[in-house]
2 protein chains.
Amino acid sequence: MPSPAPRRSTRREQILAAAAELFAQRGFHGVGIDDIGSAVGISGPGLYRHFRSKDAMLGEMLTDISEKLLAGGQQRVDDAADAASALAELVRWHVDFALDNRALITVHERNLANLTEADQRRVRTLQRQYVEVWVEVIRKAVPSTDEPTARAAAHGVFGLLNSTPHSKHLDRDAMAVLLQRMAMAALTTPGSLTGLSPTASEAQRR
Amino acid sequence: MPSPAPRRSTRREQILAAAAELFAQRGFHGVGIDDIGSAVGISGPGLYRHFRSKDAMLGEMLTDISEKLLAGGQQRVDDAADAASALAELVRWHVDFALDNRALITVHERNLANLTEADQRRVRTLQRQYVEVWVEVIRKAVPSTDEPTARAAAHGVFGLLNSTPHSKHLDRDAMAVLLQRMAMAALTTPGSLTGLSPTASEAQRR
DNA sequence: CAGGCGTGTTAGCGGTCGTTAACTCCACGC
DNA sequence: GCGTGGAGTTAACGACCGCTAACACGCCTG
């Protein structure tokens with residue numbers, strides 16, 4: 001037996017990749033089962049040999065991506081020497097991930113609402129944990145940043161880094177460098193994240 | 001006649017606002033005509049007294065927002081004294097717009113593909129012109145930035161600024177300040193946008 | 001060679017959705 | 001007071017869509 005695990009079920013992944021592309025372009029409800037089928041050479045209901053339902057496809061691809069994103073991010077942070085390099089590594093990780101999975105990133109940020117309630121809970125939990133990793137690293141690398149600000153900053157950086165599907169004017173590597181620099185500048189420029197109290201009521205009575 | 005233009009057809013705008021909220025949450029195809037109707041107190045087909053079709057609603061709200069975005073941006077740039085303040089004003093304009101039109105911004109960046117071909121052309125043209133305004137200002141305010149890089153940077157900043165619907169942890173004003181600072185830092189930190197040649201082939205043979 | 005089993009096909013059902021038709025009601029100008 | 005038109009209602013139609021049923025084919029194993 002030359003290959004003990006003979007490329008563990010390539011077909012499912014192939015289908016998910018095609019579906020991701022379509023969902024990213026037209027939205028979950030804008031894509032029919034027949035569209036997905038013909039994108040992988042089979043037609044229509046043949047997909048039900050591989051997935052229980054259309055919702056299950058979206059569910060699997062969104063939980064998969066959320067898990068990978070969290071695991072990879074956590075790993076980079078754990079391997080980093082100090083807070084500053086942890087932040088840089090986290091940014092690099094997200095940049096690479098977004099550039100190599102454009103369709104998935106798009107679906108991930110647009111189609112959360114179309115999930116089953118159960119899947120939605122699972123994905124939201126993973127997302128929250130990923131944000132938590134960012135918040136902690138930001139607060140360590142950029143001292144005197146309060147938590148709500150760090151959280152908002154993290155979401156903003158996600159928006160910046162996930163903007164990659166919308167512009168193909170630069171090649172992959174140049175885009176990676178640009179996004180890395182912009183994100184680090186946005187986060188670490190002195191004063192960017194400070195002086196914004198949680199409720200802003202405190203700031204006013206200064 | 002006390003009011004010659006008696007609040008020019010408030011109903012249409014009310015319907016569009018409700019529809020925008022729903023489209024932002026569930027996507028164009030995820031919202032039924034009945035949902036929109038009941039959101040404004042009437043039910044189902046009553047909407048056809050105000051709009052020719054469901055597509056027409058999306059078309060009108062997307063062209064409207066694109067026109068406002070372009071007009072306001074152009075205006076701020078024209079009124080600015082120098083390139084640096086033009087960039088700052090442009091950022092402030094977009095921040096305010098995004099914060100005051102969260103649902104519309106979301107629909108605008110997610111549901112372009114669901115438009116009629118005619119509407120799609122119109123909206124894309126307006127979008128392109130808006131990006132052009134940004135590209136010109138960036139290249140004047142941040143010298144030695146090549147055009148593709150400026151374009152990619154603009155898209156990135158849009159992603160950053162449009163991230164506002166996803167986080168409600170800060171109040172409006174704090175959020176505005178944070179986004180303004182992060183965007184300006186990302187764009188104007190020395191070295192952020194330089195040294196990335198268009199094809200990157202030149203950079204390699206250095 | 002028999003028999004699963006994985007993978008695919010086409011036909012069709014049941015529900016939903018956008019749109020139209022036909023009708024009602026009320027406010028207002030002459 | 002009467003008619004006209006804006007705004008809304010319910011009923012219904014036709015198309016589409018997700019999914020199931022029933023059947024077909026080829027490959028590996030005993």
Side-chain angles (χ1 to χ4, degrees), chain A residues 1-20 22-23 25-62 107 111 113-120, chain B residues 1-20 22-23 25-62 107 111 113-120:
Chain A
M1 54 181 79
S3 63
R7 204 48 166 297
R8 176 92 170 101
S9 89
T10 266
R11 206 70 220 268
R12 286 175 64 89
E13 300 164 15
Q14 183 189 146
I15 293 171
L16 284 183
L22 291 169
F23 290 163
Q25 281 168 22
R26 283 183 264 161
F28 181 69
H29 290 297
V31 178
I33 226 65
D34 291 350
D35 299 325
I36 304 173
S38 68
V40 295
I42 73 182
S43 225
L47 295 169
Y48 287 83
R49 297 289 160 195
H50 303 278
F51 295 92
R52 208 169 59 264
S53 69
K54 190 187 169 193
D55 297 276
M57 294 185 210
L58 186 66
E60 185 165 327
M61 82 194 207
L62 253 50
V107 177
N111 295 74
N114 300 316
L115 282 174
T116 305
E117 183 141 359
D119 284 336
Q120 208 169 119
Chain B
M1 51 180 79
S3 62
R7 202 51 166 297
R8 175 91 170 102
S9 90
T10 267
R11 206 70 220 269
R12 285 175 65 88
E13 301 164 13
Q14 184 190 147
I15 292 172
L16 283 183
L22 291 170
F23 290 164
Q25 280 167 22
R26 284 182 263 162
F28 181 69
H29 290 297
V31 178
I33 225 69
D34 292 350
D35 300 324
I36 303 172
S38 68
V40 295
I42 74 182
S43 225
L47 294 169
Y48 286 81
R49 296 287 158 194
H50 304 276
F51 295 93
R52 209 171 55 265
S53 69
K54 189 186 169 196
D55 297 276
M57 294 185 210
L58 186 66
E60 185 165 327
M61 82 195 204
L62 253 49
V107 177
N111 294 74
N114 300 316
L115 283 174
T116 304
E117 183 140 359
D119 285 335
Q120 210 169 119

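Here the structure is a predicted model, which means the values were calculated and not measured. FYI, side chains are in, hydrogens and waters are out, and symmetry mates aren't considered; it's all heavy atoms of this structure. In what follows, chains are A, B, ... by sequence order, proteins preceding strands, each numbered from 1.
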Looking at A:Asp35 and A:Gly32, would you say the former's side chain and the latter's main chain have a donor-acceptor pair under 3.5 Å?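 At least one qualifying donor-acceptor pair exists.
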Backbone of B:His50 reached by a side-chain donor or acceptor of B:Arg12 within 3.5 Å: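 Confirmed, B:Arg12 side chain pairs with B:His50 backbone.
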Between B:Asn111 and B:Phe28, what is the shortest heavy-atom contact and its length?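 Where B:Asn111 meets B:Phe28 most closely, the heavy atoms are ND2-N, 3.0 Å.
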Heavy-atom closest contact (A:Ala39 atom, A:Leu22 atom, distance):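 Residues A:Ala39 and A:Leu22, closest heavy atoms: CB-CD1, 4.2 Å.
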Base, sugar-phosphate, or nothing for A:Ile33, non-hydrogen atoms under 4.0 angstrom?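 Answer is sugar-phosphate: A:Ile33 comes under 4.0 Å of backbone atoms only.
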Tell me what A:Val40 touches on the nucleic acid: a base, only sugar-phosphate, or nothing, going by heavy atoms under 4.0 Å.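 It contacts nothing in the nucleic acid.
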With a 4.0 angstrom cut-off to heavy atoms of chain B, pull out the first and last contacting nucleotide of DNA chain C, in 5'-to-3' order.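 Under 4.0 Å from chain B, the extent on DNA chain C is C:dG18 to C:dC23.
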To the nearest 0.5 Å, how far apart are [atom1] in [X] and [atom2] in [Y]?
X	Y	atom1	atom2	answer
A:Leu62	A:Asp119	CG	CG	8.5 Å
B:Ile15	B:Leu47	CD1	CG	5.0 Å
B:Phe51	B:Met61	CZ	CE	9.5 Å

Of A:Gln25, A:Arg26, A:Met57, the residue whose pairing with A:Val31 passes side chain to side chain contact (heavy atoms under 4.5 Å, CB included):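 The option that passes is A:Arg26.
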Below 4.5 Å, heavy atoms only, C-beta onward: do B:Asn114 and A:His29 meet side chain to side chain?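 Side chain of B:Asn114 against side chain of A:His29, heavy atoms only: no contact under 4.5 Å found.
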When you compare the side chain of A:Arg11 with that of A:Val40, does any pair of heavy atoms fall below 4.5 Å?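 In contact.
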Walking along DNA chain D from 5' to 3', note the first and the last nucleotide with an atom under 4.0 Å from a heavy atom of chain B, and give both.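 Result: D:dA7 to D:dA11.
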Pull out every residue in residues 43-62 of chain B that has a heavy atom closer than 4.0 Å to any atom of DNA chain D, ordered by number, or say none.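 Here the set is B:Ser43, B:Pro45, B:Gly46, B:Arg49, B:His50.
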